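For reference, the structure is listed below as structure tokens.
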Amino acid sequence: MDKQKFYLTTTLPYVNAELHIGHALEFVQSDTIVRYFRNKLGKENVFFNVGTDEHGQKIFNKAQEEGLELKPFVDKYAQRVMDFCKLFNVEYDNFYRTSDPKHHELAQVFWNKCNENGDIYKKQYSGQYCVGCERYLTDKELVDGKCPDHHTVPELKTEENYFFRLSKYRDPLLKWLEEEKAFVKPAYKMDELKKFISEMEDISISRLRENLPWGIEVPNDPTQMMYVWFDALTNYAIAVGYGTDEERFRQWWGPVQTCGPDNLRFQGAIWQGMLASAGLPQSEKLLVHGMVLGVDGTKMSKLVGNIVSPFEQEQKYGAETVRFYLLTGIPTYDDAAYKEDDLVNEYNSRLANNFGNLLNRVIHLANAKEVEMNNEVAVEGEFKATVDTYVNEINRLYEDYEIYLAGEKIDQLADYGNKYITTEEPWSKEKPEAQKILNNLSYLLKHVIAGYSPILPISCAKALEALEKREKLILFPKLEA
RNA sequence: CGCGGGGUAGAGCAGUGGCAGCUCGUCAGGCUCAUAACCUGAAAGUCGUUGGUUCGAGUCCAACCCCCGCAACCA
């Protein structure tokens, strides 16, 4: 990847249901990383892709359930995702929809490329087909040899599908990973990924059109449709010009991809195999965030009733607060329970008491003492060195995509400010001395604001304005527990 | 024996061989510029269990117990 260009893409959510808090985590983490790099490299050097995965059997079924035609159905859910982004200030550069005719065309280009390289072939496939489900069931899905949903014995059916020669890329990908030891984050996922890759078999990548009319047609074979995963994954390349603008593609390619733990196999193994087949360089990085668990520490599920809705959370606490908790209250790469009590504590302690309160102390005192602030040249050397050490560490953590740890460090910087102001007592000092102390603190605050700004873009813009205009405000009113 | 992660103060976590740490919460004191905020100090842990290696083990080895995720809608 061109060092000046930074390309990040989320996994496209599958639009057969409302977004849940886990999607919110991925979007908000991605947005934060992107915002950091926009600040660092300039807006024009960063590209952020999000979107929706809109094909496949499940969407076909769900649309029928809701009594909607396919297009209005996917439009409705895609709109919900866009609404979500707006609500949570997820500022994407491109919203990719796989139902877009342009995508259809270019996914076929990708298919053809793999085909030209000899990696696609036709094969008989036999399996247990459930008429009720209209799909093949795996042995593990069967309960007493019957479909768990329809309680019928599936029929043994054979169909001819296209297969992708994924097995061919086992060794090349393993070899690649030997050199790209930091490809996956967190590092402990690497063993799991290598295992997936070493066990890769050729996969079926098409379905009979008569079974699944909703999707992308296989090139030169109108009886077959692409399997949804094959079609959807190509978006990451197409989004930056694959098949349309080689120069643009070359400039941007090498994405940082974010995904959930259940997607490691697809993004880390299958997609990398597809890239290799199409003769493209591998992805740059795969960030696998943790699973957001229910308040009881177990997986969220409709049956248990511990589902958390990002829309409800936003209603209750506001977007910035929810962002703050998802980013700094939940470890970036570990599974963690979503606890509203923790959200409130985290917000009160770090934003209201530590950062917000310090901001007001400084503005209030500066006004009372009528002193100058925001003069970087006049910041005392030793104080500046201490702040800069924090700042360097914060930037290093962001660059290593460690949002949670960066948030912790920023909190420590604000904490240092509170200790400093208490020790120095500018309120009891004469004007020249008070000015020195408060100017030092304005320097510290600017860096706290800069540090938090990828996480809290709106609040930080307000905080900066308040500091510059010396207007006292309650940016973070305390929340009731 | 399907695969992976984890069990350390009330909660959440750090800590890969050398006197058990951090944040929140709790308690006491201080300060009073500030959003009843801030600062200082204290209490609180048989580091999942058992056994082993070692002068020394949260840290290494073995066995076992328990929790979570993936495999199967879903990030």
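Proteins get letters first, then strands, A, B, ... in listed order; numbering begins at 1 in each. Just so it is clear, the model here is predicted, and its values are computed rather than measured.
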For a quick check, with a 4.0 angstrom heavy-atom cut-off, what is the B/S/- contact string for nucleotides 34-40 of chain B, read 5' to 3'?
BB-SSSS
With a non-hydrogen cut-off below 4.0 angstrom, is P426(A) in contact with a base, only sugar-phosphate, or nothing?
nothing
Does G29(B) have a Watson-Crick or wobble mate here (both distances under 3.5 Å), and if so which one?
C39(B)
Sticking with atom P, work out how far C24(B) lies from G18(B), rounded to a whole angstrom.
27 Å
Using the side-chain heavy atoms of N345(A), tell me which of these nucleotides is nearest: C74(B), C24(B), G69(B).
C24(B)
Determine, for D335(A) against K299(A), whether the closest basic-nitrogen to carboxylate-oxygen distance falls under 4.0 angstrom.
no
Anything under 30° is parallel, anything over 60° is perpendicular, the rest tilted; go ahead and classify Y96(A) against H103(A).
perpendicular
Would you mind classifying the nucleic acid contact of V362(A) as base, sugar-phosphate or nothing, using non-hydrogen atoms under 4.0 angstrom?
nothing
With rounding to the closest Å, how many angstrom separate the C1' atoms on C39(B) and U50(B)?
47 Å
Among C70(B), C68(B), U32(B), find the nucleotide with the atom closest to the side chain of W427(A).
U32(B)
Answer with base, sugar-phosphate or nothing: what part of the nucleic acid does G290(A) contact at a heavy-atom distance below 4.0 Å?
base
Between F84(A) and F27(A), is the ring centre distance below 6.0 Å?
yes
Pairing nucleotide - C47(B), Watson-Crick or G-U, each distance under 3.5 Å
none
Select from P261(A) and P331(A) the residue whose nearest nucleotide in RNA chain B is closer to the 5' end of that strand.
P331(A)
Expressed as a whole number of Å, how far does the C1' atom of G4(B) sit from that of A71(B)?
11 Å
Can a side-chain donor-acceptor contact be found between N235(A) and R97(A) if the only test is distance below 3.5 angstrom?
no
Expressed in angstrom and rounded to an integer, what is the separation of D335(A) atom CG from G5(B) atom P?
12 Å
List in chain and number order the residues that pass side-chain contact (heavy atoms from CB on, under 4.5 Å) with N375(A), two or more places apart in sequence or in another chain; answer none if no residue qualifies.
V377(A), A378(A), N439(A)
Rounding to a whole Å, what distance do you find between K431(A):NZ and C33(B):P?
19 Å
What's the gap between U49(B) and U8(B) when it is taken at their C1' atoms, as a whole Å value?
15 Å
Within the pair K195(A) and C70(B), is there a side-chain N or O less than 4.0 Å away from OP1 or OP2?
no
Separation of the C1' atoms in C13(B) and G25(B), to the nearest angstrom
15 Å
Can a salt bridge be assigned to the pair D415(A) and K419(A) using a cut-off of 4.0 Å between side-chain N and carboxylate O?
yes
Find the distance L359(A):CG to C33(B):P and express it as a whole number of Å.
18 Å
For K339(A) and C68(B), what is the distance between atoms NZ and C1' respectively, to the nearest whole Å?
13 Å
Length of the line joining N263(A):CG and G69(B):C1', which is rounded to integer Å:
14 Å
Rounded to whole angstroms, how far apart are CE on M291(A) and P on A72(B)?
14 Å
Could you walk me through whether T11(A) and Q257(A) pass the side-chain hydrogen bond (donor to acceptor under 3.5 Å, both in side chains) test, one step at a time?
CA-CA 7 Å; T11(A) 299; Q257(A) 300 194 228; over 6 Å; no
U53(B) to A42(B) separation - P atoms, rounded to the nearest Å:
39 Å
Across the strands shown, which category fits D342(A) at heavy-atom distances under 4.0 angstrom: base, sugar-phosphate, nothing?
nothing
Aromatic ring centroids of Y227(A) and F230(A) under 6.0 Å?
no
From CG of L293(A) over to C1' of C13(B), roughly how many Å is that when rounded to an integer?
15 Å
Nucleotide C13(B), atom P - distance to CG of D334(A) in whole Å:
8 Å
Taking pairing as Watson-Crick or G-U wobble with both contacts under 3.5 Å, can you name the mate of G2(B), or confirm there isn't one?
C70(B)
Donor-acceptor pairs under 3.5 angstrom involving side-chain atoms of residues 451-467 of chain A: please list them, not counting sequence neighbours.
residue: S453(A); atom: OG; partner: A450(A); partner atom: O; Å: 3.1
residue: S459(A); atom: OG; partner: E320(A); partner atom: OE1; Å: 2.6
residue: E465(A); atom: OE2; partner: K469(A); partner atom: NZ; Å: 3.0

Paired with A11(B) by Watson-Crick or G-U wobble geometry, both distances under 3.5 Å: which nucleotide is it?
U23(B)
With a 4.0 Å cut-off on heavy atoms, is L365(A) in touch with a base, just the backbone sugar-phosphate, or nothing at all?
base
When both distances are under 3.5 Å in a Watson-Crick or G-U wobble arrangement, the nucleotide paired with C60(B) is G52(B)
Could you measure between the two C1' atoms, the one in G48(B) and the one in C66(B), and give it in whole Å?
7 Å
Pairwise P distance for C33(B) and A9(B), with rounding to whole Å
41 Å
What contact category does K189(A) fall into here, base, sugar-phosphate, or nothing, at under 4.0 angstrom with non-hydrogen atoms?
nothing
Any side-chain heavy atom of Y338(A) sitting closer than 4.5 Å to one from M300(A)?
yes
